[in-house]
2 protein chains.
Amino acid sequence: MAATPKRPTIKQIAEETGLSVTAVSYALRGERVSAATIERVQAVADQLGYSADPVARALRGGRTGTIGVLVGSLADFWQQTLAHAVQRELRTHGLHTILADADGDPAEELALAARLAAQRVDGLLVAPIGPAGGDWAKLTERTPTVTISGRLPGAELAGEVAFDQTTGVGEMLRHLHSLGHRRIAVLSWAVEASPDRPTERAVREQAATLGLDCEIVQCAYSLDGSRPLALEVLERADRPTAIFCLSDSIAYGVLHGCRELGLQVPRDISVVGFDDHPLSRLVDPPLTSVNWSIDRTARAAVGFLVDYLAGDRGDHRVVIAPTMVVRDSSGPAPS
Amino acid sequence: MAATPKRPTIKQIAEETGLSVTAVSYALRGERVSAATIERVQAVADQLGYSADPVARALRGGRTGTIGVLVGSLADFWQQTLAHAVQRELRTHGLHTILADADGDPAEELALAARLAAQRVDGLLVAPIGPAGGDWAKLTERTPTVTISGRLPGAELAGEVAFDQTTGVGEMLRHLHSLGHRRIAVLSWAVEASPDRPTERAVREQAATLGLDCEIVQCAYSLDGSRPLALEVLERADRPTAIFCLSDSIAYGVLHGCRELGLQVPRDISVVGFDDHPLSRLVDPPLTSVNWSIDRTARAAVGFLVDYLAGDRGDHRVVIAPTMVVRDSSGPAPS
DNA sequence: CGCCCTATGTGAATCGTTTCAGTTTATCGT
DNA sequence: ACGATAAACTGAAACGATTCACATAGGGCG
């Protein structure tokens, strides 16, 4: 092992200046000591390249300046972008990010969050897959937590960013209905894990209202996960006339599958998504989707957490409204 | 503030069992104490839901089980995917990830890495923008560091994953040359920050060899960053016949710009990328690019770091070879 | 029976920082 | 000039886990 030089400590500064460790600690934050001392300590600290050890500080009970971010699956492009937006937003508040990725497994979520909390993060931002169980009460009462689109059983929240799934699903289904589609396959991630997510419930309810024949199909998150499934659905005898993907990432895989089978979208079949990823306007054909503003989401979530940490216990809940974005991947149902 | 119940500590277990803190510490790792004691301690620990505080452990000097990952810009889709692949790979080794994002600013990189190191990560994985300066010597001799495609001035590395940029650039330029293109605009990120990156140097050299007129243009990373720039380039009187984007993300923005101006790709102009993001085969038209295997990259980088942490000081360097992927976005130069 | 060795356990220091509770000066008002 | 008070600074105890050095007891063996 290479010789490992230690980083400078407060103790070294104390020796260098002839002061006590205590005095140096105060001086570094400019309190309780004379201006002359502060200056002298600063000079030595700068020269040594000193910076306080966040680990020691955390142990003593202070803030770590780090927020844990837990996402359901980084394989999903939208969530990748969300993670980026959140990280960027946190940075504007001088906060750092520890990112964890449940990788599509709801059973992992609580464990990962606990691990994050054990790292002494100041707060948690959780975009969960779904209420797969576990009791978040203990965790969330110890660590301020803001959720993004999802429920955490037993959790006591510092804030909540919800998506109006009902309206979003409704608009999309009405759009498809108005184009004449009656038999629709809905590709959803995480159905097995939590069969009664609000999104799926909304799909069932609205489909019933509109008289649509909607089959909900379990689907892996990633591009490569949705393609084979799409192939299977597309090759059925009674192929649906439209496929409603509950994430744009899934839709990309479906588009790819259609291409492989020589199916023209939207002539032969309509394919629509549900997050409106930035690339959805560039794929072929440009994807009809429902937009949930990533920037607004990230800003709200981070804002709630920062407010809470600053002691503001106000009303920390917002519902992000969907925006229907009709592009070229949806068209009249083939007769 | 809500009552904040403390997490269980080793001390509580000691009181509960009537043992000393020391004995409990040993018992928890199954050393030096009688089997009966181990069992008793385990029982109490389980019942209390005890897990060791990573912060305290880190302070004492042990491993944290956390790796810092620093990427040049999470706004880039390829780097997003890389970050995901790396995180996933780290997880298979039982390691956690702290992700930092320099957001396109090379001047931030060293500071962010230092901050990561101060968090007591066991190692660092750095995919830098470029050698914007700073001295990485002190940091890297304290914290094992593996680079992914980039040089860190003064760094002493635990491993290195390099991309054979020269070959990649060469193949792409020859491809364009063979299609009759002679006037090419090269859109690069981070030119200002480090004008002599290996990639740009390779472009200049190979262009000279082939007799190509290549202009290198500074470009922001993101989709929205490259679009306006593309518009500017495309509206010139002596418009280049091909645009070579040094990242697929940039190419996506350019494609968007072309569409706005009513330019057909590749009939009116060819557009090619340089990472081969998974979505590049789905955009319209499918993008010609150069593939660097993200999985191989992530696996190699993480492998090097894990080996190093295990004490293996072997040869930790690999060069990832490019694979030219010709799709539909490149065609014969218009006459 | 006396000696040493092992098994099992404990006390205390350590990591780097913060902070409570003092202690020493110097200064001020009366 | 004297006690009160404030300013400047220090000691020591936390935070939670690890680990070195030591203590105690019992067992084995000549």
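Atom set for the values below is all heavy atoms of this structure, side chains included, hydrogens, waters and symmetry mates excluded. Order of the sequence lines fixes the chain letters, A, B, ..., with proteins taken first and strands second; residue numbering starts at 1 for each chain.
- In this model, the phosphate group of dT19(D) is approached by a side-chain N or O of Arg29(B) to a distance below 4.0 Å at OP1 or OP2.
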(message) Does Ile67(A) form a side-chain contact (heavy atoms from CB on, under 4.5 Å) with Val121(A)? I'd like the steps, not just the answer.
(response) CA-CA 5 Å; Ile67(A) 302 296; Val121(A) 293; 5.7 Å; no
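- Residues from residues 43-53 of chain B placing a heavy atom under 4.0 Å of any atom in DNA chain D, listed by number, are Tyr50(B), Ala52(B), Asp53(B).
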Close N or O pairs between protein and nucleotides 20-27 of chain D (under 3.5 Å):
unit_1: dC20(D); atom_1: N4; unit_2: Tyr26(B); atom_2: OH; d: 3.2

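- Residues passing the salt bridge (charged side-chain N to carboxylate O under 4.0 Å, His left out) test with Arg151(B), sequence neighbours excluded: Glu160(B).
- If you check distances only, the side chain of Arg57(A) never reaches the base of dT17(C) with a donor-acceptor pair under 3.5 Å.
- Phosphate contact (OP1/OP2 of dT18(C), side-chain N/O of Ser25(A), threshold under 4.0 Å): present.
- Of the candidates dT18(D), dT8(C), dG16(C), dT18(D) carries the atom nearest the Val21(B) side chain, counting heavy atoms from C-beta on.
- Applying the ring-ring contact (aromatic ring centres under 6.0 Å, His included) test to His316(B) and every residue at least two apart in sequence or in another chain returns Phe304(B).
- Between Leu125(B) atom CG and Ile98(B) atom CD1 the span is 13.0 Å, to the nearest 0.5 Å.
- Looking at the side chain of Leu59(A), the nearest of the listed nucleotides dT8(C), dT18(D), dC15(D) is dC15(D).
- Under 4.0 Å is where a charged nitrogen must lie from a carboxylate oxygen, and between Asp103(B) and Arg88(A) at least one such pair does.
- Residues passing the side-chain contact (heavy atoms from CB on, under 4.5 Å) test with Ser51(B) are Arg7(B), sequence neighbours excluded.
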Validation: residues 295-302 of chain A side-chain donor-acceptor distances under 3.5 Å, sequence neighbours left out:
unit_1: Thr297(A); atom_1: OG1; unit_2: Ser293(A); atom_2: O; d: 2.6

